[in-house]
Colleague: 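Quick one: the structure is below, and I'll ask about it shortly.
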Number of protein chains: 2
Amino acid sequence: MDEQPQLAVSTVIFSLRDSELWTPLVRRIRQPFRDRWALPGGWVQPQEGLEATAARKLLETTALDPTYLEQLYCFGDIGRSPSGRVVSIVYWALVRPEQAELASDGENVRWFRADALPGLAFDHNRIVEYALWRLRNKMAYSSIAHGLLGETFTLAELRGVHEAVRGTTLDPANFRRQALAGGSIVPTGEHLVGASHRPPALYRYTDATLVDQGPLLASALTDRED
Amino acid sequence: MDEQPQLAVSTVIFSLRDSELWTPLVRRIRQPFRDRWALPGGWVQPQEGLEATAARKLLETTALDPTYLEQLYCFGDIGRSPSGRVVSIVYWALVRPEQAELASDGENVRWFRADALPGLAFDHNRIVEYALWRLRNKMAYSSIAHGLLGETFTLAELRGVHEAVRGTTLDPANFRRQALAGGSIVPTGEHLVGASHRPPALYRYTDATLVDQGPLLASALTDRED
DNA sequence: GCTACTTCGAGTCACGATTACCAGAACCGG
DNA sequence: CCGGTTCTGGTAATCGTGACTCGAAGTAGC
């Protein structure tokens, strides 16, 4: 007999460590794909919104509180799961380095470099690949880097985020001009001291809103989602 | 007792008529929102892919065969439907004018101007709004206009599509240069005759693939989805 | 205290893309 | 044949981007 498809929510998480992108995965404790690494997630509850489910499962399984959370895609191919039809609504999230340090590796949670993952359960390798592509894409035209930085930051740190995500180096002077022209960051007036060179100015993002608004305010943004 | 959420697939369809965007809606024949206009769609079948469901329902309810079909978003807020929890995976589609003429208005299907819709069932007004935003966005950087045109077309027709979607006028000479520089269209060698002015050349798209590939080939494209 | 070294941050220059605008080409209708 | 329309190629000004230079402002070492 045919049952209704089961509805799951999973999340791809990215954070920056040592100028590289890392993503936390959880070990599956039951079949199918038992003991394989997989995206954190769980079943949709009847009285809980999709994004709320993603955030709750994130906290429960990895103890992470994301600064950015956005729906990525809905995967529903037949045959994704050997145990029956599963439709997964996948979100992607960014967390700050402080957060990532708090949520360290455990027996059932481990951080991997985003570009060197092991063989994951289900179609999760493909999903991370897509999330990575989207992150790179969005980094180019939005102020999403905010989600990977602290409240204040130097232009070198901001540039470091872009370089880590894009995988290239950027000219400091040109990056400065472009970043400041965008208008989304302003100098705090303070400078970072202690380094053995000219102390760089600290900046802050102007827009406090960071968590994605979904299609609600889509028309108010200059987004280029696919 | 709490039931599992019901899984639906709906599709926002766009076509061009008289240099304006139109979208077909279907009349609901049962509660809730009986007799209100709504997006065509249906329940997910256990042994059918999501995109396949969208295409099938499109054909069944509106007799339309889309030239472009892509997942838009997954809407799953609690309270979307007064009759219980419904999670809708929404697609958006483009159909050619010939197609749209074949599938004319009926008792339960009617075309509306996309920017002047009546009050729809559920949250469908918001969904169409989002799809419209995405269409406008994607039109700016991809060759999606193909989905609204016939196999061959003049540059004026292609320009008309962009003008209709963007809602502005474009300089013919500049548009020509930009369109040809893209490399995605080539002249067929033939010209359109019969008009009372200089006969324009006919063009054709080079890339035959038009239906969206989803996240499969995402990394191979220069897409800017959200 | 002086020098060496590093990064910061402002400036310049060349190049490609975009935009506004102009004018000849090519058709039809009267 | 002439007026009216659109098509199509061309030009000049403007803007954004990338490569590059150079003084500014700190620390570290001697």
Side-chain angles (χ1 to χ4, degrees), chain A residues 18-19 136-143 145 149-150 152-206 222 224, chain B residues 16 18-19 136-143 145 149-150 152-205 222 224:
Chain A
D18 302 330
S19 297
R136 295 202 168 105
N137 234 334
K138 198 150 189 170
M139 181 78 65
Y141 62 84
S142 80
S143 55
L149 287 171
T152 65
F153 49 88
T154 67
L155 284 180
E157 290 170 336
L158 178 59
R159 179 166 48 88
V161 173
H162 282 259
E163 289 178 341
V165 171
R166 296 187 29 168
T168 64
T169 62
L170 297 168
D171 181 81
N174 292 335
F175 181 82
R176 151 183 304 273
R177 187 171 7 122
Q178 222 165 310
L180 294 179
S184 56
I185 63 173
V186 288
T188 66
E190 299 181 351
H191 289 254
L192 184 65
V193 295
S196 69
H197 53 75
R198 177 172 176 176
L202 286 172
Y203 292 83
R204 176 198 316 278
Y205 273 94
T206 55
T222 313
R224 305 186 196 171
Chain B
L16 216 55
D18 303 329
S19 296
R136 294 202 168 105
N137 235 334
K138 198 150 191 170
M139 181 79 64
Y141 61 84
S142 78
S143 56
L149 287 171
T152 65
F153 50 89
T154 68
L155 284 179
E157 289 170 336
L158 177 59
R159 179 166 48 88
V161 172
H162 282 258
E163 288 178 340
V165 171
R166 297 186 29 169
T168 64
T169 62
L170 297 168
D171 180 82
N174 293 335
F175 180 83
R176 147 183 307 272
R177 192 162 352 107
Q178 220 166 310
L180 294 179
S184 57
I185 62 173
V186 288
T188 66
E190 299 182 351
H191 290 253
L192 184 66
V193 295
S196 69
H197 52 76
R198 177 173 176 176
L202 287 172
Y203 292 82
R204 177 196 318 277
Y205 273 94
T222 313
R224 305 187 195 169

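Values in this document were obtained by computation on a predicted structure and should not be read as measured data.
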Colleague: Please report, rounded to the nearest Å, how far the C1' atom of D/dA24 is from the NE2 atom of A/H191.
Modeller: 12 Å
Colleague: When the distance from CG of B/N174 to C1' of D/dA12 is rounded to whole Å, what number comes out?
Modeller: 12 Å
Colleague: Please give, in whole Å, the distance from D/dG18 C1' to A/L170 CG?
Modeller: 11 Å
Colleague: Testing the basics here: between B/P199 and B/H191, what is the closest heavy-atom pair and its distance to 0.1 Å?
Modeller: O-ND1, 3.4 Å
Colleague: What is the distance, rounded to the nearest whole Å, between atom CG of B/L192 and atom P of D/dT5?
Modeller: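 Atom CG in B/L192 sits about 19 Å away from atom P in D/dT5.
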Colleague: Output the rounded distance in Å from CZ (B/F175) to P (C/dA20).
Modeller: 15 Å
Colleague: Say you draw a straight line from OG1 of B/T154 to CG of B/L149; how long is it, rounded to the nearest 0.5 Å?
Modeller: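 CG of B/L149 is found 8.5 Å from OG1 of B/T154.
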Colleague: To the nearest 0.5 angstrom, please state how far the CG atom of A/L158 sits from the CD atom of A/E163.
Modeller: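 Here the interatomic distance stands at 10.0 Å.
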Colleague: What is the distance, to the nearest angstrom, from the NE2 atom on B/H162 to the P atom on C/dT18?
Modeller: 13 Å
Colleague: Whole angstrom is fine here: how far is it from CG in A/D171 over to C1' in C/dG11?
Modeller: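 Between C1' of C/dG11 and CG of A/D171: 13 Å.
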Colleague: Look for any protein N or O under 3.5 Å of an N or O in nucleotides 27-30 of chain C and output each such pair with its distance, or none.
Modeller:
none

Colleague: Please work out if A/A201 contacts a base, only the sugar-phosphate, or nothing of the nucleic acid, heavy-atom cut-off 4.0 Å.
Modeller: sugar-phosphate
Colleague: Map B/P200 and A/Q178 onto DNA chain D by nearest heavy atom, then report which one ends up closer to the 5' terminus.
Modeller: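 Comparing both residues, the 5'-ward one is B/P200.
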Colleague: With a 4.0 Å cutoff (strictly under), does any side-chain N or O of A/R159 reach OP1 or OP2 of C/dC8?
Modeller: yes
Colleague: Take the protein atom CZ of A/R176 and the nucleotide atom P of D/dA19, then report the distance between them rounded to whole Å.
Modeller: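 In whole Å, D/dA19 P and A/R176 CZ are 18 Å from each other.
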Colleague: Pair up each side-chain donor or acceptor in residues 165-179 of chain B with any protein partner under 3.5 Å, not counting sequence neighbours, and list the distances.
Modeller:
{"from": "B/D171", "atom 1": "OD2", "to": "B/A173", "atom 2": "N", "distance (Å)": "3.2"}
{"from": "B/D171", "atom 1": "OD2", "to": "B/N174", "atom 2": "N", "distance (Å)": "2.9"}
{"from": "B/D171", "atom 1": "OD2", "to": "B/N174", "atom 2": "ND2", "distance (Å)": "3.4"}
{"from": "B/N174", "atom 1": "OD1", "to": "B/R177", "atom 2": "NH2", "distance (Å)": "3.0"}

Colleague: Judged by each residue's nearest nucleotide on DNA chain D, which is more toward the 5′ side, B/L155 or B/R177?
Modeller: B/L155
Colleague: Name each donor-acceptor pair under 3.5 Å that joins a side chain in residues 180-189 of chain A to protein atoms two or more places apart or in another chain, with its distance.
Modeller:
{"from": "A/T188", "atom 1": "OG1", "to": "A/E190", "atom 2": "N", "distance (Å)": "3.2"}
{"from": "A/T188", "atom 1": "OG1", "to": "A/L202", "atom 2": "O", "distance (Å)": "3.2"}

